[in-house]
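One structure is given here, and the rest of the page talks about it.
We name chains A, B, ... by the order of the sequence lines, and we start the count at 1 in each one. Values reported hereafter were calculated over all heavy atoms of this structure, with side chains retained and with hydrogens, waters and symmetry mates removed.
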Number of protein chains: 2
Amino acid sequence: MDDIPVRPARIQDVAAAAGVSVSTVSNVLNRPERVNERTAARVRDAVAALDYVPHPGAAGLRTGHSSSIGLVLPDITNTFYSRIARGAADAAYDHGYSLVLCHSADAPEREQGYFTMLVEQRAVGAVVVPLSADPTRLSRLRERGIPLVLADRAMSAEDGCSVSVDDIAGGRIAVQHLLERGARDILVVNGERAIRQCADRYQGARQAVRSRREARVEQVVAKEMTVAYGLEIARRLDDLPDGVFCTNDFLAAGLCHGLAERGVRIPDEVQVVGYGDLDIASFVGTPLSTVHQPVEDLGRAAVEMLLDEVEARAEHAHEARVFAPGLVVRDSTRPASGG
Amino acid sequence: MDDIPVRPARIQDVAAAAGVSVSTVSNVLNRPERVNERTAARVRDAVAALDYVPHPGAAGLRTGHSSSIGLVLPDITNTFYSRIARGAADAAYDHGYSLVLCHSADAPEREQGYFTMLVEQRAVGAVVVPLSADPTRLSRLRERGIPLVLADRAMSAEDGCSVSVDDIAGGRIAVQHLLERGARDILVVNGERAIRQCADRYQGARQAVRSRREARVEQVVAKEMTVAYGLEIARRLDDLPDGVFCTNDFLAAGLCHGLAERGVRIPDEVQVVGYGDLDIASFVGTPLSTVHQPVEDLGRAAVEMLLDEVEARAEHAHEARVFAPGLVVRDSTRPASGG
DNA sequence: ATGAAAGCGCTAACAG
DNA sequence: CTGTTAGCGCTTTCAT
């Protein structure tokens with residue numbers, strides 16, 4: 001029983017073994033209804049006997065259809081992106097496509113290099129989280145007519161499909177939650193205004209506050225959305241608010257830590273809501289209430305929209321699909337007080 | 001300037017445009033030395049003019065060489081695996097191969113499904129983190145002569161290449177560090193003995209202790225390696241050790257939290273070292289000293305060993321490559337006291 | 001130095 | 001219902 005790699009069986013070998021022609025074998029495999037059940041059975045036996053594995057690459061050469069999808073991400077080790085990858089991988093697997101991982105590593109020339117690679121492979125399409133909003137960087141793909149759907153980035157629906165999470169809604173539910181739990185003096189600890197997500201989350205926060213008499217909101221902007229800056233901000237706070245919405249969980253973790261240092265009790269004195277539902281959210285001293293984003297769904301939907309475009313070219317309508325975030329309540333906001 | 005997807009130029013079109021034969025174009029692209037510089041220039045112009053992009057898939061059909069590598073992982077959202085993915089993606093990109101992401105999702109039948117997919121695609125090889133140690137699950141690939149290298153799993157060097165991190169060394173340096181910082185009464189907070197990594201790390205810990213007079217080590221085993229169990233263990237501890245080695249950062253984070261609850265000061269009363277250098281390590285109350293694993297290197301090396309096997313079939317020698325972990329010193333162990 | 005032609009494994013008309 | 005045949009885009013002898 002040596003393992004000398006044998007040249008794999010081809011469709012011809014199967015045909016010979018089954019005593020039929022290659023097209024019959026092809027039909028058995030692809031349009032079984034066209035072939036007599038008896039012969040089909042013979043063919044299947046031959047397939048099994050020879051351990052025949054079809055070669056979709058060769059088929060694609062003939063049909064013009066490839067079966068690989070590109071997934072272009074800035075950084076696969078970032079939880080947000082790896083969750084997109086998981087969703088995309090699941091969807092691709094379910095539909096029988098293979099996913100080519102393109103890790104652009106925040107390097108524009110590498111992103112372009114991957115686009116070229118996808119063009120070479122005649123990928124059926126690509127799900128991409130582009131490095132910047134500049135749409136011309138996508139032209140490499142566009143010019144070749146390779147369908148793409150953008151993830152976590154806006155795109156006008158005429159230009160193609162996109163998937164994203166509704167950050168305005170996210171900000172709104174976070175602050176609504178604080179208000180429901182009795183907070184009235186809300187502080188938003190945000191990242192830079194220029195970041196779309198940050199601006200949106202703050203806008204949502206304001207919407208929530210407007211709907212409530214006697215509630216007020218203020219904003220403080222951190223230079224970076226890190227634990228360190230969250231800590232810093234907590235240390236410098238003059239008057240304590242009774243509710244804080246941090247627009248990401250790192251800021252929130254740092255802030256909680258800083259408040260704890262000052263002897264401030266969470267949630268009794270200050271309630272805190274984070275954003276993102278990262279692992280870290282459940283690890284901080286007081287487990288963090290936070291906004292959960294259905295990121296896997298983004299990845300899955302992106303692939304499915306792509307395949308719809310590919311398989312139904314004509315009827316396909318571009319769509320900018322927006323997913324709703326949800327609230328995860330943990331210890332950092334206190335049990336409903338009816339306030 | 002409409003974007004009506006034009007049928008991409010083929011090598012024939014280039015040949016026609018340049019007034020040469022297809023084989024000359026092919027030569028210009030693949031063995032430029034064989035062709036006259038003047039004609040080569042004409043061909044290159046035609047390539048540019050037509051925006052010709054070669055089709056490696058078609059070439060592979062002829063040559064028998066594909067250019068895709070499979071990467072099979074239990075869970076791409078797990079930091080450890082996504083870091084492997086990053087290293088592997090970088091290496092694959094550098095060498096001009098495409099990486100097919102296979103997310104086995106801890107489901108054996110799905111893992112097998114991916115193996116079949118890789119066989120179909122005639123992948124040149126695969127880097128795999130198998131779901132279990134059972135080697136027969138790899139036979140699908142083996143029988144087809146698809147080279148593979150195992151990551152984070154042992155394999156006898158006759159059977160193929162593998163890459164892993166030296167967990168014994170990891171345990172040793174962690175505890176050596178505690179000893180150097182004056183700790184003498186060491187507690188190892190471990191995961192289940194059956195997990196190879198856990199057993200190895202403990203073995204390393206014992207090695208370190210043996211080398212030091214008057215030092216002693218004890219072990220407590222957590223049911224799961226989570227923050228919650230770390231916390232639990234800290235709460236139940238009867239007599240405090242002066243040094244704790246947790247065999248992963250989650251346990252360590254929970255433990256630190258639990259000690260803080262009891263008013264124990266870290267590192268003054270108890271010094272703590274974690275394992276893994278996860279993000280969380282720098283987020284816990286007292287930033288955690290921990291053992292860093294060069295995981296990206298694992299991924300990169302795996303791909304490179306694979307390509308060596310592919311490209312140098314004959315001279316290739318299987319190898320079980322073991323990487324050395326390193327120590328990251330943060331606040332949870334105190335500055336060297338010369339103890 | 002260049003070209004003609006065969007064929008990689010498969011599908012899809014088109015006949016029969 | 002089944003077989004014949006012509007390519008898909010490319011590389012590669014083998015001639016010239």
In terms of side-chain heavy atoms of A:L61, which of C:dT2, D:dC8, C:dA5 is nearest?
-> D:dC8
Report yes or no: does B:Q293 contribute a side-chain atom to a donor-acceptor pair with the main-chain N or O of B:V165 at less than 3.5 Å?
-> no
Winner on side-chain proximity to A:H55, out of C:dC10, D:dT2, C:dG3, is C:dC10
Which of D:dT12, D:dT2, D:dC10 is nearest the side chain of A:V35? It is D:dT2
Could you work out which one of C:dG3, C:dT11, D:dG9 sits closest to the side chain of A:I11?
-> C:dT11
Would you indicate which nucleotide in C:dG9, D:dT11, D:dG3 comes nearest to any side-chain atom of B:R62?
-> D:dT11
Answer with yes or no whether the side chains of B:S162 and B:R153 bring together a donor and an acceptor at under 3.5 Å.
-> no
Distance-only donor-acceptor check, side chains A:R110 and A:S104, under 3.5 Å | no
A:N27 CG to C:dA12 P: how many Å, rounded?
-> 9 Å
Would you tell me whether B:S66 and B:R122 have side-chain atoms, one donor and one acceptor, within less than 3.5 Å of each other?
-> no
Taken to the nearest whole Å, CG/B:L29 to C1'/D:dC10 is 11 Å
Determine: side-chain N/O of A:T39 to OP1/OP2 of D:dT2, distance under 4.0 Å, yes or no.
-> yes
Are any of A:T24's side-chain N or O atoms less than 4.0 Å away from OP1 or OP2 of D:dG3?
-> yes
Base, sugar-phosphate, or nothing: which does B:P54 touch, judged by heavy atoms less than 4.0 Å apart?
-> sugar-phosphate
Closest to the side chain of A:R7, out of C:dG9, C:dT11, D:dT2, is C:dG9
Taking atom types as they are modelled, is there a donor-acceptor pair under 3.5 Å from the base of C:dG3 to the side chain of B:S23?
-> yes
Out of D:dT12, D:dC10, D:dG3, whichever nucleotide has its closest atom nearest the side chain of B:R10 = D:dC10
Is it true that the NZ or CZ of A:R10 lies under 6.0 Å from the centre of A:Y52's six-membered ring and within 45 degrees of the ring axis?
-> no
Look at B:R31 and D:dT12 and indicate whether a side-chain polar atom (N or O) is within less than 4.0 Å of OP1 or OP2.
-> yes
Could you check whether B:T63 gets within reach of a base, just the sugar-phosphate, or nothing at all, counting any heavy atom under 4.0 Å?
-> sugar-phosphate
